[in-house]
Engineer: 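One structure coming up, written as structure tokens, with questions to follow.
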Amino acid sequence: MGLHLMSTLSRRMEELTSDTVRMYVCGPTVYDLIHIGNARPFIVFDALRRYLESQGREVIYVQNITDIEDKIIGRAREEGVPASEIAARYTDEYFQDLERLGVKRPTHSPKATEYVGKMIELIKVLIDKGHAYVAAGDVYFSVASFPGYGKLSGKVLEELEAGARIAVDEKKRDPLDFALWKAAKPGEPKWPSPWGEGRPGWHTECVVMSMDILGVPLDIHAGGNDLIFPHHENEIAQAEAATGKTFARIWLHNGMLTVRGEKMAKSLGNFAYARDVVAEYGTEAVRYFYLTRAYRKPLDFSDEALREAKKAVEGVYDFLWAAEALPEEGEIPEGFSAELAALEERFHVRLSEDFDTAGAIGVLQELVGAAHRLRQGGGDPIGARAAAALVRRLAQPLGLFQRARPRAEGRTEELIGLLIELRAALRSQKNFALADRIRDRLSQLGIELRDTPDGTTWTIRKGSG
RNA sequence: GGCGGCGUAGCCAAGUGGCAAGGCGAGGGACUGCAAAUCCCUUAUUCCCCGGUUCGAAUCCGGGCGCCGCCUCCA
């Protein structure tokens, strides 16, 4: 099935046709742990990547690590350690957080500091072509030299300048010009260059790394919608001014995570670290929370919303684990097979239209409901098992519903079985006081018993996984 | 001020021209020694407001109102 995505650049749906998808997602600046809002693009574009792979496409997924930047230098100063130490520490923490979030490692995670030489090459080209100029050790991109400037963000140069809140910098010819190379101030990390010692500007690294690893045009360039201007606008200007070719075909931008309607941001202090949220609610609740809202829309973070997501996830597991414990008996009614096929089709249709994960997850929930009704109507166990298998298969690219039922270790299972057996005997003798005591004590140990018409089953308490 | 987005049930949320998905919550019921869990059913005559186009609009067009993001580092 085809896939259409809403591109910020064209402001319309674009079909993604390539079998090999070259995809670039803006990564973190490693000066601190990522907050839960930062995790949104990582999760949704990871899901997109996996969905593309599930369609049999090859995805080359590149995500940069900005390991030289003002905030890193600032933090290093505060702690009195080299900037490289701060960057190394938070790069490591970032990879750990990706794992906690259930995000697959990018195919490539290039670091800015490893591309300084290639950035200098790009800057040289821009100077040669008249798109950049040197000013007292700095190099600036001349916005006026690139006619397409503003095409991504829909901004018009004159209006930007009229309302410019940008601090006037004497070195710039135009207040909108942005730094490609910054001269080093005393004590700052620095690299040699034809314009003196310094370091590259932030907007340059993504261009150089993406073009170096993926070539142009990229199939997909993605990131938060707060990067549309100026970051991505500036990337387009540099890349297209240098190469004369289209930089990226499809631009995807996720909406911001908000708290009581306001953007979550370190500077506002209204943030929670991603790892803390995962520790409290679990990886899947976090993924479910994100994937049940269209990636382009703003999404409000709250404990209530996360709790709700967690309950919804547990509900699906209740179904999966119960269905998978059923015997493989009977036949799937023809009508039910057709229903499953129709639901599968609807699931894919939802994803094919701008990767509507929320709609697709709604279909998964319908699948669960259909299986329940089948059982209720006296359908064979195999039907529910088929539905469960389908849920697992479809949810796999979303990174949801892949966990096996938690099992106790070693002899524990047999011992629990023994207690259940004893309790059943007590119940048949109407010794409910003792039977209830077994149930209560096991519950205290995190083992929940459920008396069903088919006998007693048990589970390790939810939420412990 | 410019550019962009959002407004659907108590809450969250999908749907973008043909009878309003789904989740959470709530109410009723089944099951049960009790409990918990689970399951079933119910829960928007209507999609912020006002006009228009259409046989038909939550969906398209025009005009309002409200909220948010970007325009400075930001996922």
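Heavy-atom basis, side chains included; hydrogens, waters and symmetry copies ignored. Lettering of chains follows the sequences in order, A, B, ..., and the numbering in each one begins at 1.
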Engineer: Could you run through nucleotides 19-25 of chain B and give me one letter per nucleotide, 5' to 3': B if any protein heavy atom sits under 4.0 Å from the base, S if only the sugar-phosphate is that close, - if neither?
Structural biologist: --BSBSS

Engineer: Atom CZ of A/R11 to atom C1' of B/rC3: distance rounded to whole Å?
Structural biologist: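 Those two atoms, CZ and C1', are 8 Å apart.
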
Engineer: According to a strict under-4.0 Å criterion, is A/R293 in side-chain N/O contact with OP1 or OP2 of B/rA14?
Structural biologist: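 Checking B/rA14 against A/R293, a side-chain N or O does come within under 4.0 Å of OP1 or OP2.
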
Engineer: How many whole angstroms separate atom NE2 of A/H232 from atom P of B/rC71?
Structural biologist: 13 Å

Engineer: The criterion is side chain to side chain donor-acceptor pair (under 3.5 Å); which residues satisfy it with A/E308, sequence neighbours excluded?
Structural biologist: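 Expected list: none.
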
Engineer: Under the side chain to side chain donor-acceptor pair (under 3.5 Å) rule, collect the residues that match up with A/E99, sequence neighbours excluded.
Structural biologist: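 Checked A/E99 against side chain to side chain donor-acceptor pair (under 3.5 Å); zero matches.
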
Engineer: Determine the interplanar angle of the A/H253 and A/W251 rings, folded into 0 to 90°, and report it as parallel if under 30°, tilted if 30 to 60°, perpendicular if over 60°.
Structural biologist: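 The rings of A/H253 and A/W251 lie parallel, inter-plane angle below 30°.
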
Engineer: What is the base-pairing partner of B/rG25, counting Watson-Crick and G-U wobble geometry with both distances under 3.5 Å?
Structural biologist: B/rU43

Engineer: Can I get a per-line list of side-chain donor-acceptor pairs under 3.5 Å for residues 377-389 of chain A, giving both atom names and the distance, sequence neighbours left out?
Structural biologist:
unit_1	atom_1	unit_2	atom_2	d
A/D380	OD2	A/E331	N	2.8
A/R385	NH1	A/E324	O	2.9
A/R385	NH1	A/L326	O	2.5

Engineer: Would you state whether a donor and an acceptor, one from the side chain of A/R296 and one from the base of B/rC6, lie under 3.5 Å apart?
Structural biologist: no

Engineer: Within residues 390-401 of chain A, find the residues that approach RNA chain B with a heavy atom at under 4.0 Å, and present them sorted by residue number.
Structural biologist: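 Within residues 390-401 of chain A, no residue comes under 4.0 Å of RNA chain B.
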
Engineer: Do any pairs count as a ring-ring contact (aromatic ring centres under 6.0 Å, His included) and have a residue in residues 374-402 of chain A, sequence neighbours left out, and if so which ones?
Structural biologist: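 Residue pairs passing ring-ring contact (aromatic ring centres under 6.0 Å, His included), neighbours aside: A/Y317-A/F401.
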
Engineer: Check the distance between B/rA36's P and A/Q444's CD and give it to me in whole angstrom.
Structural biologist: 17 Å

Engineer: Residues in side chain to side chain donor-acceptor pair (under 3.5 Å) with A/R437, at least two apart?
Structural biologist: none

Engineer: Can you tell me the distance, in whole Å, between the CD atom of A/E69 and the C1' atom of B/rU72?
Structural biologist: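 Atom-to-atom, A/E69 to B/rU72, this comes out as 13 Å.
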
Engineer: Pull out every protein N or O sitting under 3.5 Å from an N or O of nucleotides 67-69 of chain B, one pair per line with the distance.
Structural biologist:
unit_1	atom_1	unit_2	atom_2	d
B/rC68	O3'	A/G261	O	3.4

Engineer: Can you list the residues that meet the side chain to side chain donor-acceptor pair (under 3.5 Å) rule with A/D276, with sequence neighbours excluded?
Structural biologist: none

Engineer: Expressed in angstrom and rounded to an integer, what is the separation of A/L33 atom CG from B/rA75 atom C1'?
Structural biologist: 15 Å

Engineer: Just the rounded figure in Å: distance from C1' of B/rG4 to NZ of A/K151.
Structural biologist: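 After rounding, the gap between these two atoms is 18 Å.
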
Engineer: Between B/rG7 atom C1' and A/L299 atom CG, what is the distance in whole Å?
Structural biologist: 15 Å

Engineer: Got a sec, which residues hit salt bridge (charged side-chain N to carboxylate O under 4.0 Å, His left out) with A/E304, two or more places apart in sequence or on another chain?
Structural biologist: none

Engineer: The criterion is ring pair (Phe, Tyr, Trp, His ring centres under 6.0 Å); which residues satisfy it with A/F178, sequence neighbours excluded?
Structural biologist: A/F141, A/H203

Engineer: Could you check whether A/Y273 and A/F271 have their ring centres less than 6.0 Å apart?
Structural biologist: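 Here the rings of A/Y273 and A/F271 have centres that are less than 6.0 Å from each other.
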
Engineer: Applying salt bridge (charged side-chain N to carboxylate O under 4.0 Å, His left out), can you list everything that pairs with A/R427, at least two apart in sequence or on another chain?
Structural biologist: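 A/R427: salt bridge (charged side-chain N to carboxylate O under 4.0 Å, His left out) contacts with A/D451.
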
